[in-house]
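Chain letters run A, B, ... following the sequence lines, proteins first, then strands; residues in each count from 1.
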Amino acid sequence: MKNIFKEVVGGFYTLTVGMGITLREFFRKPVTVHYPRESLKMPERYRSHLIFTSNDDGSSKCIACNLCVKACPTDCIIVDGEKKEGEKKKSVTKYDLDFTRCSLCGACVEVCPTDAIVFSKRYNLAATDRQQFHIIDLCRDLEERNKKKAQ
Amino acid sequence: MELHPVQSTGPQETFVLNLGPQHPATHGVLRVKLTMDGEFINDAVIVAGYVHREHEKMGENRPWDQFLPNTGRIDYLSAMMYTHAYVGAIERACGIEVPPRAEYVRVITSELNRIASHLVWWGAYLLDLGGMTPLLYAFDDREKILDLLEALTGARLTYCYYRVGGLAEDLDDGFVEGTREFVKEFRPRLKMFRRLVSENIIFRKRVEGIGIIDAEMCRKYGATGPMIRGAGIPNDVRRAEPYSVYPELDFEIPVDPAADSMARYKVRMEEMEQSLRIIEQCLDRLPEGPVMAKVPRVLKPPEGDYCYATEAARGRFEVRIVSTGKPVAHRVRLRTPCFGNLSLFEEAARGMMLADGIAMMGSLDLVIPDIDR
Amino acid sequence: MSRCPDNLLERFQELFPAMNMEKPAPSEESAGEEDGADAAVPPPPPPPPCRKTEHAKVGYDLDAIVEPHQIEEAAKLLDHEGFAIDMITAVDWPDAEQFELVYDFMHFQAGTRVCVRTRIPRDRPEIATLAHIYPGANWHERETAEFYGIQFTGHPNPIHLLLPEDFVGYPLRKDFKPQPDPLLEP
Amino acid sequence: MTAAEPIRLLLFLVGVATFVGLNAAYLVWVERKGAGRFQRRAGPTEVGYAGLLQPIADAGKLMSKQLIVPPGADRVLFRLAPIMMMPPAIMAFALLPFSESLVGIDMNVGLIALFAFSSFNVIAVMLAGWSSRNKYGIISAARVVSQNVAYEIPMMLVIITVLMVSGTLSLTAIVDGQSGAFWNWNLFALASNPLMPVTFIIFFICMLSETNRAPFDMAEAESELVAGAYTEYAGMGFGVFFMAEYANIVIGCALAVVLFLGGWHSPVGVFPGVFWFLVKLYFMVFLVIWVRWTFPRTQFYGLLNLSWKILIPISIFTLLLSAVMIKLV
């Protein structure tokens, strides 16, 4: 009988403790970020899809050496390059990233001898069909960025 | 006062209840075929494999280090420990000595990851039991951990941060202070969690004495981690088969002999406390130096088979690699904790009530890709 | 902290020589067995069928090679010693025309890990189940069976565990060719 | 009956129906906002200022959805269940005394009529669960019935305790009996029963259980039974259940105000009675929301144990105690 009494009263006390805690939280500020209106800054090392870094003249540093292609676990990179006249190294003509297969592991970035590719910080990627993600053309992306910069 | 659960009245008309593949309590795509007698479970059959991806085959058809991204995707909630086991196995095979700084950082990030994983479990378990608010509180704290790890590794879940022989990158500037601050903030939060939930009479009534899984059953089914520690046996890979710098650290292995859902709950709550201790010690001792050992460009572990086990958040995760001296693995076997932990559900759930069965399933802390691989 | 308490180790060494003595005796079944070759030419350095290994190097303390028909006996002995089942898996050796079955056991208190292996011919992949000794073996064996096509005789529920029930083929065999999936082609 | 009486009733009916609808809609908003605050997030913010138009948008969405009847379900009962859920809730509102004058029908057996109406929803939920041909629904239906049967008893015992203090079944008379300062409220009628606060707590627990609110939401139990009896309902079929749930909460809370908290009587004396009634009412509603977002769900047999082994003995004891006290004093 004493135990029952103890359990009922003690149990009721634990309930009031719980309600006290939630009430205290009730009067504190929400911790959420109201996403489309405000957003957090992506950290320095954030890994989104690859983009080219560029030389001062806006051309890519990529020398189409295919090391990233070999390092990629999911075979999601296609690189093509040509040797322009008067230049020592090859320059890239095509760099396609199949983003549907990329696992953002970073093997390509680590292996790159010229630091031509880095991770972008584009986190709000959205598309209505698969094709838009299927191939991300890094050369075109670099051109577009250059154009924007020129403007 | 003893409040005895009511008993099933015996074999009568039964019906089959499909719990899942899409069901709030199965935390993913797991299907449990229950033969029910009213609210009592007469028989439970697990139907798994909905997210099977054949990771083991993937390990066999690519160079050793290219399997690394996969390891974070087996148990996405404690990816660090999984990657640790895989790189550990290769390091053991090749005899690579990992720099001490890298080992310490590995331990710090693993323990942070363990806390994050336990927080998800804690919130989701309370969600299973019908309490919604703890989930949000848990995620509030988990978010801080994920922010730390994101700033460090660039990803929030599938970190792929460890490399064979060390780490991908050294610590970033804010990590040490950020972690210290988190540890300081999280201690009172744990206390709050305890007062809000662990002592709550409704919660206690729901988990105490429910879902008894004793040590013998764990042994027969190979259940590990909080399952076996919740059955009173202090088995923890970090102590039993020490790896990394764990032997140098001072921490306890929480044990509860009650073997019920509450015991497993308490063990996990206490583990978070111990993880904080480990993190503090590692931060204090963190040596300077490189974070990457000299590793050959193409890995060719010598012939033979090698095991490496880590204590993941859900129990023992073990990688067994079989090498034939080639740059590609001959066999990569992933021994995942949830596989063993769930396999005893069929036996343990027999005769329970539906809600109790769910309370027990939640206490197993399932991650479905971990079972299905 | 000692990896493996000495008394336990002694008991193992007592335990497994018993099997080692049985080993040279020709087994009645499985003609394509390893020891068939061993009997013809005295093996230069055959790895001792039961040996202590260094945990820090390979991750297990005891490596025991047994005959396929001994596996139940080995499991019973380990069960008697209080070992828990860790995992069961197979390794495909197409060149040797064999499957290697690997049974891992662990001891919760001592932290000892024992690895028991056996080899069965690739064309007649059959071995006794351990499900009656370790119920946990049930799932591991179902998994091994569906991925390697190994038959576990006496298994209580030999159906697919992870693969779809209508899946054809054994994906972890080295000669497995996946069927192209029309849905995945762009 | 005067000529104005039917008009008055009609007006009241329209008023109540509007009140019930808006009330349910905005209680959803309050609940979501409140849940947000308890969980340290914002709750609805997008539709209208602070999400105030969210309930309207939700109602529009629910109304525009197709009503699906699962194959094999009992079509008639499946459709009937939500219809049966709503009218008793609205009718119960007519009996509530919002103030001295603002009361639909002042019956001398008002309390009993109120209970007759509020017990009706059990049948509706049971029919919904049973007719939808869903195993979760059937389990839920069985749970609801046994839960309600178990909790009617302590609730009635508690109410009889209050009735012995008040000495009347008319709701207005019960409130009138508590006029004056707040120590005249039945909650503090310690002279006639020192355990009156305990009685109030028991009443509150029973009320939560009767309205299937967390932590006693056995009928819905979304982590076990998906949505229980309402699993198969789509669109406004579900919306009606939702509205009725909130209407029932308001009725339960209003009853608590009438029986224990002095109805429209003000503790300090300013503002009209209806204001004070609503303040007390919404405080009780807040309490219900607060409880929901704090506790996990009880185990089903734990719920029955609580009723039969703890609440009923205690309420019998308080009943006897107040009988003795009233006789003595």
Side-chain angles (χ1 to χ4, degrees), chain A residues 1-26 28-33 40-50 67-76 101-111 113 118-121 123, chain B residues 1-3 58-59 61-73 83 131-134 136-137 139-141 143-144 146-156 158-161 163 168-169 172-175 191-205 292 297-298:
Chain A
M1 189 67 197
K2 204 176 150 195
N3 281 348
I4 301 173
F5 185 74
K6 227 166 115 185
E7 192 181 282
V8 171
V9 175
F12 187 75
Y13 172 73
T14 62
L15 298 183
T16 54
V17 167
M19 288 182 70
I21 289 171
T22 42
L23 189 69
R24 205 177 56 221
E25 300 290 322
F26 184 85
R28 289 172 70 187
K29 230 171 86 67
V31 288
T32 46
V33 174
L40 298 170
K41 201 171 157 284
M42 286 297 120
E44 199 52 35
R45 294 182 185 177
Y46 184 78
R47 305 203 302 246
S48 183
H49 71 80
L50 296 177
L67 275 179
C68 47
V69 178
K70 281 183 202 120
C72 183
T74 51
D75 300 331
C76 64
R101 301 175 72 167
C102 177
S103 59
L104 299 168
C105 64
C108 44
V109 178
E110 274 168 37
V111 84
V118 289
F119 286 121
S120 66
K121 290 185 194 51
Y123 59 92
Chain B
M1 176 171 63
E2 281 289 291
L3 295 177
M58 284 190 232
N61 55 25
R62 61 193 59 194
W64 289 96
D65 50 350
Q66 289 193 6
F67 187 60
L68 279 177
N70 287 57
T71 55
R73 286 164 170 80
T83 318
M132 312 246 175
T133 307
L136 276 294
Y137 293 171
F139 269 55
D140 182 11
D141 289 304
E143 201 67 11
K144 289 172 191 152
L146 292 193
D147 283 346
L148 284 171
L149 293 179
E150 188 189 18
L152 176 64
T153 67
R156 294 175 78 79
T158 48
Y159 309 104
C160 192
Y161 178 54
R163 293 285 184 271
E169 275 175 293
D172 64 321
D173 303 330
F175 184 78
K191 210 174 281 165
M192 185 270 258
F193 292 167
R194 207 160 288 150
R195 287 175 59 219
L196 176 66
V197 174
S198 316
E199 290 167 5
N200 187 302
I201 182 81
I202 299 176
F203 174 76
R204 287 208 333 252
K205 287 273 169 218
M292 194 70 194
R297 183 156 274 246
V298 179

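Salt bridge B/Lys205/A/Glu7: present, at least one basic N to carboxylate O contact under 4.0 Å.
Annotation: maximal heavy-atom pairing with chain B below 4.5 Å, among A/Gly106, A/Ala107, A/Gly10, A/Ala71, occurs at A/Ala71. Chain A forms the most heavy-atom pairs under 4.5 Å with one residue out of B/Ile202, B/Asp147, B/Leu152, B/Leu136, and that residue is B/Leu152. Taking chain A as the reference chain and counting heavy-atom pairs below 4.5 Å, the highest number among B/Glu199, B/Met192, B/Arg156, B/Glu169 is found for B/Glu169. With chain A as the partner, the residue from B/Glu143, B/Met58, B/Arg73 showing the most heavy-atom pairs under 4.5 Å is B/Arg73. Between chain B and the residues A/Phe119, A/Phe5, A/Tyr46, A/Tyr13, the largest count of heavy-atom pairs under 4.5 Å involves A/Tyr46. The choice from A/Leu104, A/Val31, A/Leu40 that makes the most heavy-atom pairs within less than 4.5 Å of chain B is A/Val31. Interface remark: of the candidates B/Leu68, B/Thr153, B/Asp65, B/Thr153 forms the most heavy-atom pairs closer than 4.5 Å to chain A.
Heavy atoms closer than 4.5 Å to chain B are found in the backbone of A/Lys70, but not in its side chain. Contact annotation for A/Glu44: neither backbone nor side-chain heavy atoms come within less than 4.5 Å of a heavy atom of chain B. Heavy atoms closer than 4.5 Å to chain B are found in the side chain of A/Met42, but not in its backbone. Heavy-atom distances place the side chain of B/Arg62, and not its backbone, under 4.5 Å from chain A. Contacts between B/Tyr159 and chain A at a heavy-atom distance below 4.5 Å involve the backbone alone (N, CA, C, O).
Considering only heavy atoms from C-beta on, B/Tyr137 comes within 4.5 Å of A/Thr22 through its side chain.
Minimum heavy-atom separation, B/Gln66 to A/Cys72: OE1-O, 3.3 Å. Minimum interatomic distance between A/Pro43 and B/Ala151 (heavy atoms only, all atoms of both residues): CB-CA, 3.7 Å. Shown here for A/Leu15 and B/Asn200, the closest heavy-atom pair between the two residues is CD2-OD1, 3.6 Å.
For CZ of B/Arg204, the number of neighbouring non-hydrogen atoms (other residues, nucleotides, ligands) closer than 6.0 Å is greater than 12.
A distance of 10.0 Å separates CG in B/Leu196 from CZ in A/Arg24, rounded to the nearest 0.5 Å.
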